[in-house]
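Written out below as structure tokens is the structure these notes cover.
One-based numbering, in listed order, for ligands and for the atoms of each.
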Amino acid sequence: YVAKQSRTGVHVYESADDEDTPRRLALLTDLRSAVESGAVRVAYQPKVDPVTGRVLGAEALARWTRPDGPVRPDEFIPLAERSGLITPLTEHILDTALAGCASWRRAGHDLSVAVNLSPQMLTGQTGVREMVERALRRHGVPAEALTLEITEGGLIADPVNGVRVLHALRGLGVRLSIDDFGTGHSSLSRLTDLPVQELKIDRSFVRDITQHRTRQTVTMAARQLGHALGLHVVAEGAETQEEFDYLRDLGCDSIQGYFVARPLDPADFLTWLAEDAAYGLAPAHPHAG
Ligand code: C2E
Ligand code: MG
Ligand code: MG
Ligand code: MG
């Protein structure tokens, strides 16, 4: 068993990744049918410009609920990644997110949508470029309205193919974002070679930033590096007004976090756009994440 730190900071004990526990096998069976039947849903979490309050877009986050309750992405995404389900799951999320983005745009909201890509999608074997191209065409969304978020770690596993696939995706005109920046131990020199447009500073540096001098230093340095490379810099995980203000004053170009809104069901996201977002920076929502 390995100790893992959960988002709440509480240590939970989980079985090691390669262990086929009965729960894991049951989850896998259920996940396979959920992916096949389209039962994995998408929640949208807005990214806003902290200076103007304008909503720039939203990140699509996978959501899966079993009869006994929701399963966290931190549990089912790794399972999908290890079982070959990540390709059909990604295709479903991409398709749903672009359908959503097309509908926001038809309603007059000039928004982009972001979809997460697992490292396994960047091996050159998954046809991800064709998948993205097909989905963009199907929904009539301009390529520049789609951002693909890739974790630093994803590029370390297979840098040669990873970079090649990123260039192929960039060739479509989509935006590429380095997710969870600061956690992946990739060399800074490598970062300059990547065809990316956005850098997302990891939540671990943002949490309680107003109390932590080192997190302030790291976030400032990441923001400066991002801007020096001409990237759009996003901070994720702002939970309070103080954190939001701090990140705005630090010069982050956009902010995503519970303070702005939790990840929302598609219908709640539209309501939020029409109501709260119109007032600028809405306080945290009571909707479940
Ligand atoms: P991520 O891509 O870094 O997504 C941001 C995560 O931070 C989301 O967790 C979001 O709910 C959470 N978050 C945002 N603001 C706050 C905040 O203010 N406070 C706190 N405590 N959390 C905040 P979520 O939805 O549980 O997703 C976890 C991870 O699972 C994602 O991290 C991403 O790596 C992965 N994931 C989710 N959906 C997908 C997907 O469709 N495909 C792939 N490949 N990975 C996904
Ligand atoms: Mg992400
Ligand atoms: Mg992230
Ligand atoms: Mg993160």
May I ask you to check whether [X] brings an N, O or S atom to under 2.8 Å from the Mg ion (ligand 3)?
{"X": "D202", "value": "no"}
{"X": "E149", "value": "no"}
{"X": "D180", "value": "yes"}

Identify, by name, the N, O or S atom of E236 lying closest to the Mg ion (ligand 3).
-> OE1

The Mg ion (ligand 3) to D179: nearest N/O/S atom name = OD1

Just how far is it from atom NE2 of H139 to atom OG1 of T96, taken to the nearest 0.5 Å?
-> 7.5 Å

Between the CG atom in L270 and the CD atom in E275, the distance rounded to the nearest 0.5 Å is 11.0 Å

Contact region, R72 to ligand 1, non-hydrogen atoms below 4.0 Å, reads neither

Side-chain (R170) to main-chain (V174) donor-acceptor, under 3.5 angstrom = yes

Does [X] pair with [Y] as a salt bridge, N-O distance under 4.0 Å?
{"X": "E133", "Y": "R129", "value": "yes"}
{"X": "E75", "Y": "R23", "value": "yes"}
{"X": "R175", "Y": "E144", "value": "no"}
{"X": "E236", "Y": "K47", "value": "no"}
{"X": "R66", "Y": "D30", "value": "yes"}

For V233 and H227, run side-chain contact (heavy atoms from CB on, under 4.5 Å): C-alpha distance rounded to whole Å, both residues' side-chain angles, the deciding distance at 0.1 Å, then the answer.
-> CA-CA 7 Å; V233 175; H227 283 172; 3.6 Å; yes

Taking the six-membered ring where the residue is Trp, are the ring centres of W272 and Y44 under 6.0 Å apart?
-> no

Are [X] and ligand 1 in contact, using a heavy-atom cut-off of under 4.0 Å?
{"X": "E236", "result": "yes"}
{"X": "E59", "result": "yes"}
{"X": "T90", "result": "no"}

Heavy-atom nearest pair, L89 first then A80, reads CD2-CB, 4.0 Å

Under 4.0 Å from a heavy atom of [X]: give me the atoms of ligand 1 that qualify, with their elements.
{"X": "Q45", "result": "10 (C), 14 (C), 15 (N)"}
{"X": "D74", "result": "28 (C), 29 (C), 30 (O)"}
{"X": "A238", "result": "18 (O)"}
{"X": "P263", "result": "11 (O)"}
{"X": "R63", "result": "11 (O), 25 (O)"}
{"X": "D180", "result": "3 (O)"}
{"X": "I93", "result": "41 (O)"}

What N, O or S atom of E59 is found closest to the Mg ion (ligand 2)?
-> OE2

Can you figure out which of [options] has its heavy atom closest to [atom]?
{"atom": "atom 13 (N) of ligand 1", "options": "F76, Y258, W64", "result": "Y258"}
{"atom": "atom 2 (O) of ligand 1", "options": "N116, I150, L61", "result": "N116"}
{"atom": "atom 36 (N) of ligand 1", "options": "V42, I255, I77", "result": "I77"}
{"atom": "atom 30 (O) of ligand 1", "options": "P78, P70, P73, A235", "result": "P73"}

In this structure, are over 12 heavy atoms from other groups packed under 6.0 Å from R105 atom CZ?
-> yes

Give a yes/no answer: is there an N/O/S atom of N116 under 2.8 Å from the Mg ion (ligand 2)?
-> yes

Polar-atom distance check: D179 versus ligand 1, any N or O pair below 3.5 Å?
-> yes

Is there a side-chain contact (heavy atoms from CB on, under 4.5 Å) between K200 and F181 once you walk through the steps?
-> CA-CA 6 Å; K200 287 186 89 170; F181 181 76; 5.7 Å; no

Considering only heavy atoms from C-beta outward, does the side chain of N116 approach that of E59 to under 4.5 Å?
-> yes

